[in-house]
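Below you'll find the structure, written out as structure tokens, and then a few comments.
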Amino acid sequence: MIKLIVQLSSPSLLRSVSVDLNNDSSLLIDIPDALCERDKVKFTVHTKTTLNSFQKPDFSVSRQHEDFIWLHDTLVETEEYAGLIIPPAPPKPDFESPREKMHKLGEGEATMTKEEYTKMKQELEAEYLAVFKKTVQVHEIFLQRLSSHPNLSKDRNFQIFLEYDQDLSVRRKNAKEMFGGFFKNMVKSADEVLISGIKDVDEFFEQEKTFLLDYFSKIKDSTAKAEKMTRSHKNVADDYIHISATLNSIAADDNTALKQHLEKFAELLEKLRKVEGRVASDQELKLTELLRYYMRDIQAAKDLLYRRARALADYENSNKALDKARLKSKDVAQAEENQKQCLLKFDKLSESGKKELTSFKGRRVVAFRKNLIEMAELEIKHAKQCVILHSTCIDLMDSSFIFAVVQVRGRR
Amino acid sequence: MMLLCRSASFSSPARCISNEDQEPEYDTGDLDSDDGEEIFTGTSNKPFVSTPPETDPSSDIFSEEGSYTVQKHTAPKTNGVQSDEELDLFAEATVELTLTAPNSRGRKEIIGPTEPLSTTVNTHGKLHVANTSNKPSEEVEEEESGDTFELNIAVTNPEKMGDGMNAYMTYKVSTQTTLPAFRSKTFSVRRRFSDFLGLYEKLSVKYNLMGCIIPPPPQKSVVGMTKVKVGKEDPSSAEFVEKRRAALERYLQRVVSHPALLQDSDVQEFLEREELPRAVNTQALSGSGFLKMINKASDAVNKMTIKMNESDNWFESKLQEVENEEQLLRRLHASVDSLVNHRKELCSNTAMFAKSVAMLGSSEENSALSRALSQLAEVEDKLEQLHQEQAFSDFFTLTELLADYLRLLGAVRGCFEQRMKAWQRWQEAQSTLQKKREAEAKLLWSNKPDKLQQAKEDITEWEAKVGQCERDFERISSTLRKEVHRFEKEKCRDFKHHIVKYLESLLRSQHRLVKCWEAFLPEAKAIV
């Protein structure tokens with residue numbers, strides 16, 4: 001199986017999605033390297049801090065994907081953070097696509113030349129590496145968003161995650177909790193119905209709800225289409241490999257003047273496919289990843305709205321309970337207390353929710369701007385490079401013609 | 001180079017005349033320094049060279065829609081590259097043939113048995129068919145004083161005739177020429193697909209035994225035609241018709257670029273005659289049918305009882321080369337096909353993405369970002385168009401070229417088979433002669449004078465046959481050699497031309513891509 005050890009030199013370079021991080025250096029987290037063994041990825045989480053709450057100023061631990069999920073879920077389940085947008089959990093590392101391609105390559109090995117096979121293999125390894133880099137980055141961003149959040153960075157579980165030098169699997173979801181998680185998902189879909197049906201009294205939240213629900217479905221669609229588009233790009237690039245290799249075979253056998261033309265053409269295609277491959281992967285990083293990330297972020301924002309809606313429902317229920325208690329003149333004090341609590345919770349949620357959602361807007365726009373600009377610049381750069389490659393090739397083909405004329409004239 | 005000659009005044013069937021002394025000369029001497037100048041300045045902005053001005057108003061037959069290859073001329077700078085012996089400059093899509101027929105010697109020269117002709121090609125596709133028996137200086141003289149003839153062909157205006165399952169497409173075949181063999185300078189006829197197949201059949205019957213490489217016709221396609229017949233006005237049937245039209249045009253251009261075929265009366269009739277009798281027996285000539293025919297022939301040869309004693313290694317190694325090349329071209333064709341399909345996929349995925357982003361932009365609340373997103377959608381729309389055109393170019397420039405050459409290589413192989421068959425016939429004639437001689441000897445011993453006379457006659461007859469077979473074999477061998485040379489040159493030219501054309505299309509695409517994204521960039525920067 002493949003064992004990849006990746007040294008990531010400068011994390012900030014890899015950051016494709018702009019995250020609004022404060023420049024507070026009291027808690028700096030990064031993932032300097034990771035190990036991929038079979039299907040398991042082991043991340044090295046490195047922390048540098050000036051805070052006293054930590055035992056050491058500089059330390060590293062090894063974490064798996066499941067540990068990140070555990071951290072995310074515990075945060076979500078923490079009452080205190082109900083009014084916050086919890087950064088979305090990083091998606092599971094997915095090596096399915098390159099693995100499938102590797103499999104197909106192995107099957108088709110017999111039909112290709114050695115050169116072709118080597119190139120395809122290189123291409124695949126690059127793809128594998130790209131997936132790997134992406135997953136590291138996504139996990140890193142998750143931690144960094146936590147560390148830069150005023151409330152979440154102080155979370156006890158977060159600290160444990162960063163610091164605990166043993167395996168975290170003990171604390172991870174056991175079967176019971178997993179079942180709980182499943183139940184939670186069911187509740188969530190009921191929530192969707194809940195909030196989409198009821199019109200909110202608060203203008204701000206009503207608008208937000210409408211906008212987020214609509215935007216979510218659109219961005220989900222765009223993400224899927226962007227993925228397909230990027231994959232097609234990759235396919236075209238791969239085709240260039242095959243064509244280039246076959247042209248080289250033909251050129252090898254050819255003894256006429258056509259030989260050099262074929263060779264030059266093959267060479268061009270080889271260079272081209274690298275550029276096309278880069279176009280595809282840049283597009284993936286800047287566009288598809290952007291859309292994907294914000295799709296998840298919007299889901300997190302929607303979750304906030306659900307929680308608020310549930311708090312409201314709780315409050316309304318507590319009101320009804322209070323009325324009933326008053327009617328029966330039983331447990332009135334308790335009901336009153338309950339109602340007060342619910343109201344408090346709801347208000348707190350609404351207040352922090354408003355703050356969070358507003359800053360989320362800004363964050364999103366900034367991220368889109370940054371990535372769209374970078375993508376456009378990269379596309380221009382690659383296209384210009386292609387132009388140069390093509391013109392050079394055409395000129396080369398023409399120049400050999402000029403030599404020919406000179407020769408013929410010389411002969412006469 | 002063998003010339004098969006037909007002229008209006010001769011009605012005898014064509015005979016291929018062999019002339020051992022005159023080897024093909026693809027002579028660089030044919031090219032004037034004047035022509036060289038032209039090459040450099042590349043003044044071929046118009047599709048044809050203005051030789052003795054034949055600028056009828058009807059010369060715009062070639063500017064009609066559908067004449068794909070003619071219209072897409074650009075970059076005259078892109079000329080071909082040298083071969084070893086001469087300047088191989090590719091022709092533009094229209095083939096111009098120049099026959100030097102010095103008036104002083106009259107037409108006899110062209111049809112004379114002792115004057116094989118050679119061909120050379122210059123920038124604008126003029127095929128100089130000059131007498132090689134002359135010294136270079138005379139040739140130059142001839143060229144300057146001789147009439148130069150051109151012939152340009154275009155296939156345009158596909159039209160559906162009839163209805164339902166009996167419907168068929170006709171195509172307008174337009175010719176512009178200065179060849180005196182034709183009645184007028186510009187004329188056009190309507191032909192249907194089976195007419196083209198019929199032409200091929202006639203030509204192959206006549207020339208197959210000579211070792212000439214006859215260009216194979218485009219493939220039959222039941223599926224494609226049925227859709228057209230049924231009347232489905234969808235883009236795929238339009239694409240099919242365009243594909244076929246372009247293929248028919250290339251086919252005819254290849255036919256007339258063969259000097260012998262140009263002279264052929266069937267070809268001339270095809271181009272000129274108003275109504276052609278309906279060709280029958282065209283069933284066998286579908287694409288796969290054609291290749292099957294060739295393969296059957298090679299199977300038959302393999303089963304030959306007498307193993308061919310190859311005196312000339314050239315043929316054996318050349319055949320091997322052809323077979324190898326065919327295999328590689330097949331692989332290349334498959335890869336390019338895959339490229340076309342993936343690009344088409346990219347095109348449709350881009351279109352879907354563009355729509356999706358437009359929707360996203362419309363629901364975006366930040367107005368600057370919303371505008372940027374809808375701009376992005378527009379960019380992606382333009383990209384989709386780009387990809388579409390690129391796929392089109394991929395297909396017509398590369399895929400179809402490769403498909404044509406796969407069939408052509410099959411035809412070449414067929415010629416090699418024919419030569420082997422000719423050898424076989426010769427051997428069989430020889431063995432029959434031997435038997436007759438033995439029979440005569442026996443009769444001599446047994447003293448039967450009446451049968452002896454018969455035997456002697458038989459021997460004479462078979463001696464003549466053997467002589468004929470031997471001559472046939474020699475003739476087919478040398479024709480084949482020359483044909484292969486000619487074919488290779490043309491292939492070289494063709495491929496170079498198409499490669500450069502393809503590169504140019506890629507270049508154009510990328511230029512436009514740059515422009516698209518450069519237009520988008522300020523929009524993205526304007527987001528607040």
Side-chain angles (χ1 to χ4, degrees), chain A residues 211 214-215 218-219 221-222 224-226 228-229 231-233 235-236 238-240 242-243 246-247 249-250 253-254 256-258 260-262 265 268 272 361 364-365 368-369 372-373 375-377 379-380 383-384 386-387 390-391 393-394 397-398 400-405 407-409 411-412, chain B residues 28 31 33 36 39-40 77-84 86-88 321 324-325 328-329 331-332 335-336 338-339 342-343 345-346 349-350 352-353 356-357 359-360 363-366 369 372 376 488 491-492 495-496 499-500 503-504 506-507 510-511 513-514 517-518 520-521 524-525 527-528:
Chain A
F211 169 67
D214 182 36
Y215 203 73
K218 303 255 165 64
I219 203 173
D221 184 57
S222 295
K225 302 268 159 69
K228 275 176 115 171
M229 191 171 73
R231 232 196 323 264
S232 296
H233 254 299
N235 286 337
V236 168
D238 284 345
D239 278 332
Y240 282 151
H242 296 301
I243 297 177
T246 316
L247 281 173
S249 305
I250 299 179
D253 284 346
D254 191 288
T256 67
L258 194 53
Q260 357 161 348
H261 272 53
L262 292 175
F265 190 34
L268 171 72
L272 253 182
K361 272 187 222 285
R364 191 183 79 243
V365 173
F368 268 70
R369 179 179 191 276
L372 287 176
I373 293 176
M375 184 178 76
E377 286 173 348
E379 290 267 356
I380 294 174
K384 282 191 172 155
C386 279
V387 166
H390 289 122
S391 319
C393 192
I394 295 179
M397 292 202 178
D398 271 354
S400 41
F401 151 72
I402 292 174
F403 286 138
V405 175
Q407 277 180 17
V408 169
R409 289 169 145 222
R411 241 187 275 168
R412 296 164 116 250
Chain B
T28 47
L31 288 163
S33 44
I39 297 163
F40 257 124
K77 314 189 325 150
T78 55
N79 287 316
V81 183
Q82 70 150 4
S83 73
D84 296 330
E86 60 149 357
L87 270 170
D88 247 345
E321 253 181 63
N324 290 343
E325 194 173 346
L328 286 173
L329 276 192
R331 200 145 37 109
L332 187 62
S335 302
V336 178
S338 154
L339 175 67
H342 282 141
R343 229 194 268 283
E345 246 176 54
L346 176 60
N349 285 340
T350 311
M352 287 202 289
F353 178 68
S356 181
V357 170
M359 299 274 291
L360 187 65
S363 66
E364 171 62 57
E365 51 179 14
N366 180 308
L369 181 55
L376 180 64
E488 282 181 344
K491 180 177 72 140
C492 217
F495 268 71
K496 276 177 227 160
I499 288 176
V500 177
L503 288 179
E504 286 173 349
L506 284 178
L507 180 64
Q510 294 295 332
H511 268 307
L513 227 132
V514 171
W517 285 111
E518 279 179 343
F520 174 70
L521 194 55
K525 289 192 167 149
I527 301 173
V528 277

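Lettering of chains follows the sequences in order, A, B, ..., and the numbering in each one begins at 1. Since we're looking at a predicted model, the values are computed, not measured.
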Top of [options] for chain A proximity - count of heavy-atom pairs under 4.5 angstrom:
options                            : result
L376(B), V336(B), L506(B)          : L506(B)
L369(B), L332(B), V357(B), L329(B) : L332(B)
N366(B), I499(B), L360(B), L328(B) : L360(B)
E345(B), E365(B), E321(B)          : E365(B)

Would you give the length of the straight line joining atom [atom1] of [X] to atom [atom2] of [Y], rounded to the nearest 0.5 angstrom?
X       : Y       : atom1 : atom2 : answer
L258(A) : E488(B) : CG    : CD    : 10.5 Å
I250(A) : F495(B) : CD1   : CZ    : 7.0 Å
M359(B) : I219(A) : CE    : CD1   : 13.5 Å
T246(A) : R331(B) : OG1   : CZ    : 5.0 Å
L247(A) : S335(B) : CG    : OG    : 8.5 Å

>> I'd like to know whether H511(B) forms a side-chain contact (heavy atoms from CB on, under 4.5 Å) with H390(A), so could you lay out the CA-CA distance, the side-chain angles of the two residues, the decisive distance to 0.1 Å, and finally the verdict.
In response: CA-CA 10 Å; H511(B) 268 307; H390(A) 289 122; over 6 Å; no
> Which region of Y215(A), side chain (C-beta onward) or backbone (N, CA, C, O), has a non-hydrogen atom less than 4.5 Å from a non-hydrogen atom of chain B, or is it both or neither?
Replying inline: both
> Which bit of D253(A) is near chain B, if near means a heavy-atom gap under 4.5 Å: side chain, backbone, both or neither?
Replying inline: side chain
> In terms of heavy-atom pairs under 4.5 Å with chain B, which of H233(A), R231(A), H242(A) leads?
Replying inline: H233(A)
> When only pairs under 4.5 Å are counted, which of A226(A), S391(A), C393(A) shares the most heavy-atom pairs with chain B?
Replying inline: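 With the most close heavy-atom pairs to chain B, the winner is A226(A).
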> What part of L507(B) gets closer than 4.5 Å to chain A, counting heavy atoms only: side chain, backbone, both or neither?
Replying inline: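 Backbone plus side chain of L507(B), per the 4.5 Å heavy-atom cut-off to chain A.
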>> Between E325(B) and chain A, with a heavy-atom cut-off of 4.5 Å, which part of the residue counts as in contact: side chain, backbone, both or neither?
In response: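 For E325(B), no heavy atom lies under 4.5 Å from chain A.
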Locate the shortest heavy-atom distance separating [X] from [Y]; write the atom from each residue and the value.
X       : Y       : value
E518(B) : I380(A) : CG-CD1, 3.4 Å
L346(B) : M229(A) : CD1-O, 3.6 Å
K225(A) : S356(B) : CG-CB, 4.2 Å
K525(B) : R369(A) : O-NH2, 2.9 Å
A376(A) : F520(B) : CB-CD2, 3.8 Å

> Is atom CE of M375(A) surrounded by more than 12 heavy atoms (other residues, nucleotides or ligands) closer than 6.0 Å?
Replying inline: yes
> Taking side chain as C-beta onward, heavy atoms only, is D238(A) less than 4.5 Å from H342(B)?
Replying inline: no
